[in-house]
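This report concerns only the one structure given below.
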Amino acid sequence: MAIERYNPRDAEPRWQQKWNDEKVFVTDNDDPREKYYVLEMFPYPSGRIHMGHVRNYAMGDVVARYKRARGYNVLHPMGWDAFGMPAENAARDNKVHPKEWTYQNIASMKAQLKAMGLSLDWSREFATCDVEYYHRQQMLFIDMMEKELVYRKKSKVNWDPVDNTVLANEQVIDGRGWRSGALVEQRELTQWFFKITDFSQDLLDALDTLDHWPEKVRLMQKNWIGRSEGLSIRWEIMPGTAQSDEREVAVYTTRPDTLFGASFLAIAADHPLAKEAAARDPAVEAFCEECRRAGTSVAALETAEKKGMDTGIRVRHPLDASWELPVYIANFVLMEYGTGAIFGCPSGDQRDLDFARKYDLPVVPVVMPKDGDAASFVIGDIAYDGDGVMINSQFLDGMTPAEAFDAVAARLAAMTLGNAPQGERKVNFRLRDWGISRQRYWGCPIPVIHCDDCGVLPVPKKDLPVKLPDDVTFDQPGNPLDRHPTWRYVACPHCGKDARRETDTMDTFVDSSWYFTRFTAPWENEPTNKAAANHWLPVDQYIGGIEHAILHLLYSRFFTRAMQETGHVDVKEPFKGLFTQGMVVHETYSRGKGAAREWIPPVDIRIEEAEGRRRAILLSTGEEISIGSIEKMSKSKKNVVDPDDIIASYGADTARFFVLSDSPPDRDVIWSEAGVEGAHRFTQRVWRLVSEACDVLKSAKGTPAKEGEALAISQIAHRTLKAVQADYDKLAFNKAVARIYEFVNALAVPLAKVAGGGADVAYREAVRDAVEILIAIVAPITPHLAEECSATLGNAHLIAMSAWPVADDELVVENDILLPIQINGKKRAELTISRDADQSAVKEAVLALDAVRSALNGQAPKKIIVVPQRIVNIVV
RNA sequence: GCGGACGUGGCGAAACUGGUAGACGCAAGGGACUUAAAAUCCCUCGGCCUUGGCUGUACGGGUUCGACCCCCGUCGUCCGCACCA
């Protein structure tokens, strides 16, 4: 009988249609079964999916299909992170409206995702640029305003003075605007902020509860939040040294124990005292300006030399009234952190030491190692910041730094300056409030009205949504909302007089901070259906790239808390399980050197390999092309493989199988033509083996064998089932794939035997049972192939709706085990023995082995270590 | 600079809680089938020497009956944060 090759181009759309017709993946909120919410980070609709998407969504789909088979009511939705700059850039460059561009991109990407055969509930789909979605986001914003989780303050932005526009950080290249090339200025604008810092402590503490998150991500968030415990110390300004009536300056320190080692105060260039000093001295002014400029061009000049300038202001040491210290402006002090002022202790801090040496300030060691000698301990070029014992510190001498910290805190708390304690314990965070204002068109409008008389007012909820106007142009720089002839002008909701709309729109991170909540009831008028949100949240398994480890995940954690405070949901942590998947990488190919280097896409190349040497040949000319390093797929290096091409030539199952095989899912996977062909061979092989035997198997019912020739088949089937199940539970897709390969290899001979008619009933039934198990365990990865195989065996049910098979423990347990025998820790023999043989029986059998007897040479062994069911080691 | 992760064949990788290192795949080599090719099937595949051994998980030590795994040190790669007071 001639067996046709498996044709995914025919089979895949057929099964997708069938799943769609039967609404297999539409989720009912009222289904009483236990819930499981699996979600992959939704994509930005750039227009084409890439291999990273394929890998991300393949992983989520395996989880969704597996959990569905295990009996859960699975929610697996998809949507579009659809606001953002690229749409405006496309509008400007191609004269296409952002809306039109975005929805067209969504349509083409959706078609691509559908071709992957993902088990998504498309009925819940939305884009964040849908009015229905951002309408609810505006409702949330207003609720947050009421709870005072939103406020306005002046904040710096990157301003392009030629284009008259605000630039995002990524649009600033080497301190210049990416289009105009003009030097970017820092401008102060009044902007909207979310009070994420209200939750600093909770966001930090709750990290401990996220035990299904990668440790790495939790650590990154912990560092980002940056909690420190210290002391806020108020220093008295020596009368007459400052011009204004400022009497004191506050300093935050985590090392109050080193207070006697202080030799100067340093303040940020933006500190009020610095501004005051600048106002009366042009040299100071120039220095402050220099510091500010250095702040704009970020990491480039990070090794910048420590520089400062004396303000002339003097302060009194809080623990020694006769001690005066100078106040410097320093380029390494940041206004945004602490109080924007520090005291410098050169002996204990490298920066302070560098600074002190440069400006010839005193260096007094105050902490020395425990076994040091106070009389001879001096600081050279390296500050000592370790633990030890206090010296040169009056009443602190002899204490540990920790004891000294407490002693200083207590002393300063008891002293007063003016009417307040001179020092107070203070917890400080690095985390800053979240600035959400964007001076752009393609985003969610901030639903606020400015009235000259009534101030800043929220748009009444009945007047929502504040829709983006469609009639806008992008032929000039700046925000189209700002120059719109009518949209801005509106009556004040309070007094009715002429007022103006807010023209800022929201950061797109806001859109992605609650989409997972909206998926639980996307049809609701209110932002959430609270019962549905409480039912589905937290997301059981969230899957996405490590690049979102901090911002997106932290903002989402904040936003869920804010939604809890405003009564929209009763949970505070949105993601119970988090998995960060690796990238898809590819070799690079190029010809030419230096500026003339030309990158060649993989489709234009054929790889030849002979005698261990790989060569890349350009298809069009036969020319040899040099093979470069393996890198993230990128347009600039042209090392991209288009998922459409792969699905068209090999099918979705092959693509899904390949991106999940070989590499652990959290590591990068190398895309290679040879690898894809290997995956494709596998799908073809499964089909061939099953279809060759299907005529015979059709009439056999699936029953595992408990004895005889077929026992081994049933054993490996049920053992594989149990192992793959465990692998899927751990998201160890690559290990599941390896076991599936092993299983198929083991089934090849039995299936051929069945196909050839040489098998008895019990054998055929055992093979049928094994094949059904194979279909079930490959189905999450290659769902179309599984359906096709199942159908060819005469099954009427859909695998996508079928229960996971149950492993028969009797078949899983091994009765005889193979025990490795070591002599002095080296393997010398093997012993097959009954699983429940007791220690003495094992010892006896071991000593009877030839290899053991010759090693012992008649002597008695020193020691025999029997690790039950594992290994035996004989010490001679 | 600080913090973290990692280092296993030609390559991607397995190896349970300290218990046979290299499962599985890719690549390669040999063979069968074929007029031929593709497809498929079989064999070999860490290194060294002669069967049988020796050796081998970045490198140097240590703990242990036994170490890829634990400890100390060194080297290297990658990632995150970066003047955080």
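The chains referred to below are lettered A, B, ... by the order of the sequence lines, with proteins before strands, and numbering in each begins at 1.
Rounded to whole angstrom, the span from the CD atom of A:Glu692 across to the P atom of B:U40 amounts to 12 Å. One interatomic measurement links the two molecules: CD1 of A:Ile865 to P of B:G19, which rounds to 14 Å at whole-angstrom precision. For the pair A:Asp666 CG and B:C6 P, the interatomic distance rounds to 10 Å; values are reported in whole Å.
Closest approach to the A:Arg870 side chain among B:C81, B:G3, B:C16 is made by B:C16 (side chain taken as heavy atoms from C-beta onward). Taking every side-chain heavy atom of A:Ser228 into account, B:A85 is the closest of B:C83, B:C54, B:A85. Distance from the side chain of A:Leu334 is smallest for B:A85 among the nucleotides B:A85, B:U20, B:C81. Of the candidate nucleotides B:C81, B:U20, B:C65, B:U20 has the atom lying nearest to any side-chain atom of A:Pro820.
Remark: side-chain polar atoms of A:Glu677 are not paired, donor with acceptor, to backbone N or O of A:Ser672 under 3.5 angstrom. Judged purely by atom type and a 3.5 angstrom limit, A:Asp668 uses its side chain to pair as donor or acceptor with the backbone of A:Met583.
An OP1 or OP2 oxygen of B:A82 is reached within less than 4.0 angstrom by no side-chain nitrogen or oxygen of A:Arg351. For the pair A:Lys826 and B:U20, the criterion of a side-chain N or O lying under 4.0 Å from OP1 or OP2 is not met. Of the side-chain N and O atoms in A:Arg430, one or more sit less than 4.0 angstrom from OP1 or OP2 of B:A82.
The local environment of CG in A:Asp211 is crowded, with over 12 non-hydrogen atoms from other residues, nucleotides or ligands closer than 6.0 Å. Crowding of A:Lys222 atom NZ: a count of heavy atoms from other residues, nucleotides or ligands under 6.0 Å not exceeding 12. For NZ of A:Lys307, the number of neighbouring non-hydrogen atoms (other residues, nucleotides, ligands) closer than 6.0 Å is 12 at most. Within 6.0 Å of the NZ atom in A:Lys722, the count of heavy atoms belonging to other residues, nucleotides or ligands does not exceed 12.
The residue A:Arg432 sits apart from the nucleic acid: no heavy atom pair falls under 4.0 Å.
Atoms OH and OG1, on A:Tyr650 and A:Thr683 in that order, are 10.5 Å from each other to the nearest 0.5 Å.
No hydrogens or angles were tested; on distance alone, nothing pairs the side chain of A:Arg667 with the base of B:C6 as donor and acceptor under 3.5 Å.
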With the sugar-phosphate defined as primed atoms, P, OP1 and OP2, and the base as all remaining atoms, what B/S/- string results for nucleotides 21-27 of chain B, 5' to 3', for protein heavy atoms under 4.0 Å?
--BSSSS
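Under the 30°/60° scheme for interplanar angles, the aromatic rings of A:Tyr728 and A:Phe733 are found to be tilted.
Taking the centre of each ring, A:Phe658 and A:His680 stay at or above the 6.0 Å mark.
Against the 90° criterion about 0, the sugar-base torsion of B:G9 places it in the syn range.
In RNA chain B, runs of at least 3 stacked Watson-Crick or G-U pairs (N1-N3 plus N6-O4 or O6-N4, or N1-O2 plus O6-N3, all under 3.5 Å) give these stems: B:1-7 with B:75-81, B:10-12 with B:24-26, B:28-32 with B:40-44, B:46-49 with B:52-55, B:58-62 with B:70-74.
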